[in-house]
Amino acid sequence: MRAQPTASHFVNGRYVEDTAGDPFECVYAANGEVVAKLHEATDAIVNEALEAAKAAQPAWAAMSGTERGRILRRAADIMRERNHDLSVIETLDTGKPLQETLVADATSGADALEYFGGLAGTLTGEHFQLAGGDWAYTIREALGVCVGIGAWNYPTQIACWKGSPALACGNSMVFKPSETTPLSALKVAEILKEAGLPDGVYNVIQGRGGVGGKLITDRRVAKVSLTGSVPTGRKVYAAAAEGLRHVTMELGGKSPLIIFGDADLDNAVSGAIMANFYSSGQVCSNGTRVFVERSFREAFVDRMVERLTKGVVMGDPLDEAVNYGPMVSQTQMDIVLGYIEKGVAEGAKLECGGRRSNRDGYFIEPTVFSGVTDDMTIAREEIFGPVLSVLDFDDEAEVMARANDTEFGLAAGVFTQDLTRAHRVVAGFHAGTCYINQYNLAPVEIPFGGSKMSGVGRENSKAAIQHFSEPKTVYVGMNDVEAPF
Ligand code: TXE
């Protein structure tokens, strides 16, 4: 098997296996080949990982931020040196084209390790001068053992986006990747160890939702950070609430992308491509409801179809000339094909795509619907595949109301050359991450996350520090104590 890891789990600084755990397979989505066989974590493995994380955390937190940061930054350097090998594993794990994983996955993980490594030495509390010479200060403290639970679309990135700020703040982590993509996070754990991370500070264990459930409800756990769907988010949030645990929820979306008639046509089409077809559409922040000003629609759809027809290169994702990969799994392909069928049945006009490709693997042709209305299923539910819906609009107030008429609030975007309108529109969006004349970029320096049903908390940037640490307030009395009796 091409990508068989040494063992299923990485606990307390070493690979461990427990064959009593339910077996599962990692499948290369481009051809259905089994590339690795693993076992779900048994209760013994779950316990071992949590014990290791609990035992390692105090000494890790007691190190200076600069020392912690140095290890994270060293790990970033190793990730960059091994970018090619890590990208191949990410491609085998997810089916995303190597052309894409070479620039978007280990590199993004390394950015997070470097950024939070740099911040680690700068974390401080505050000082407060109070009446009569009394004063107070806060100590920024780690939360303790944090659990990270990942989705299958960006396994390396998610392992690093959660691990880096957690570790920078002095926490330890038990990370559970998606059962669909178990490989990449193990590499992150290996590299952190090689960079000098003390054993037990970052652990990876495998399993489906049941293993995640055991982690979330364990009394040793202080915080849960999930990337996944809204239904899972609800369950995980509720389970975490039982123990009043801190949470970060990075969930799904059905984000609007508004294109006004004055936009630069090719930029708008490029933005909509990035918002719908990158990673074959398997991106949570995708702008899948593309509202196009009616007068501009024909030109927009024509150019979109032309660019997809001429530009998409489907094939083995390991071939660097290929820029468009399969769905991550047969299950996901079936879900997406089901939505396409519904789009047709509900009366949307298929402009291109709409079918499974006739090659091996779980490929779906890039699909564009026009004439989509707000009530159609494809305009309301997260599809998580390469399906772009064009909805017509006539004026700004109308489109804003329609754009916000969703339970989700992850991202939103606008293309226009009118500066005032651009800022007015983003001010009106009910969404956590907004774009003007750009879409779907998420550099580590800026906060990323959703409002409404799309999430709680933010990842990346200094904002993530707030979500992986808490202030301890210390009041310092400088005067005699006054008491009523
Ligand atoms: O996600 P799930 P899946 C969406 C997308 C997709 C759908 C299903 O629409 O079609 O989610 O994908 C773990 N307690 N997104 O099945 O089920 C699970 O093992 C604890 C959006 O992969 O949400 C996995 O590790 N953990 C998303 C993780 O949660 C539980 C990206 C996500 O699983 C659990 C991927 C439980 N009860 C899919 N149940 C995004 N927003 O980026 C499941 N898990």
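Order of listing sets the numbers, starting from 1, for every ligand and every atom in it.
Between Glu382 and ligand 1, at least one pair of N/O atoms sits closer than 3.5 Å. Considering backbone and side-chain atoms alike, Leu251 places an N or O below 3.5 Å from some N or O of ligand 1.
Crowding of Lys452 atom NZ: a count of heavy atoms from other residues, nucleotides or ligands under 6.0 Å exceeding 12. Dense packing is recorded around CG of Asp375, with more than 12 heavy atoms of other residues, nucleotides or ligands lying under 6.0 Å away.
Between Trp152 and Phe384, the distance separating the two ring centers is shorter than 6.0 angstrom.
Regarding atom 13 (C) of ligand 1, its nearest protein heavy-atom neighbour is Ile149 CG2, 3.7 Å. Ranking the protein heavy atoms by distance from atom 6 (C) of ligand 1 puts Gln332 OE1, 3.9 Å first. At the top of the distance list for atom 3 (P) of ligand 1, counting protein heavy atoms only, stands Trp152 NE1, 3.4 Å. Summary of contacts: the protein heavy atom closest to atom 35 (C) of ligand 1 is Ala151 CB, 3.4 Å. Looking only at heavy atoms of the protein, atom 38 (C) of ligand 1 is closest to Phe384 CE2, 3.8 Å. Closest to atom 37 (N) of ligand 1, if we only count protein heavy atoms, is Lys235 CD, 4.0 Å.
Numbered from 1 in the order shown, with element, the atoms of ligand 1 that lie under 4.0 Å from a heavy atom of Thr232 read 2 (P), 17 (O), 23 (O), 29 (O), 30 (C), 34 (C), 39 (N), 43 (C), 44 (N). Residue Asn153 approaches ligand 1 through these ligand atoms, each under 4.0 Å from one of its heavy atoms: 31 (C), 42 (O). Close contacts of ligand 1 with Arg208, meaning ligand atoms under 4.0 Å from a residue heavy atom, involve 19 (O). Close approach of ligand 1 to Gly252 is summarised as follows: ligand atoms under 4.0 Å from at least one heavy atom of the residue are 41 (N). Ligand 1 places these atoms under 4.0 Å from at least one heavy atom of Thr227: 32 (C), 42 (O). In the vicinity of Gly213, heavy-atom distances shorter than 4.0 Å reach the ligand 1 atoms 14 (N), 20 (C). Taking every non-hydrogen atom of Leu226 and a distance limit under 4.0 Å, the qualifying atoms of ligand 1 come out as 29 (O).
Put simply, OG on Ser454 and NE2 on His430 are 13.0 Å apart, with the number rounded to the nearest 0.5 Å. Between the CG atom in Asn47 and the NZ atom in Lys214 there is a gap of 11.5 Å [rounded to 0.5 Å]. Here the OG1-CD1 distance, from Thr433 to Ile446, works out to 7.5 Å after rounding to the nearest 0.5 Å.
The nearest non-hydrogen atom to atom 28 (C) of ligand 1, considering only Gly228, Pro177, Gly150, Cys284, comes from Gly150. If you check each of Gly233, Ser229, Gly209 against atom 14 (N) of ligand 1, the one with the closest non-hydrogen atom is Gly209. The option with the heavy atom closest to atom 19 (O) of ligand 1, from among Gln282, Lys254, Glu40, Glu179, is Glu179.
The nearest pair of heavy atoms linking Thr101 to Asn83 is O-OD1, 4.4 Å. A pairwise comparison of heavy atoms in Phe393 and Phe291 identifies CE2-O, 3.5 Å as the closest pair. The shortest non-hydrogen separation linking Gln206 to Val204 is NE2-CG1, 4.2 Å.
Under the 4.5 Å side-chain criterion, counting only non-hydrogen atoms from C-beta, Val336 is in contact with Val387.
Counting heavy atoms under 4.0 Å from ligand 1, residue Val283 does not touch it at all.
Side-chain contact of Thr377 with Glu346: a donor-acceptor pair under 3.5 Å is present, judged by distance alone.
Every heavy atom of Ile383 sits 4.0 Å or more from the atoms of ligand 1. Taking 4.0 Å as the cut-off, Ile216 counts as a neighbour of ligand 1 on heavy-atom distance.
Taking the ring axis of Phe363 as reference, the NZ or CZ atom of Arg359 stays within 45° of it and closer than 6.0 Å to the ring centre. Note that Lys193 lies outside the cation-pi zone of Tyr202, set by a 6.0 Å cut-off to the ring centre and a 45° limit from the axis.
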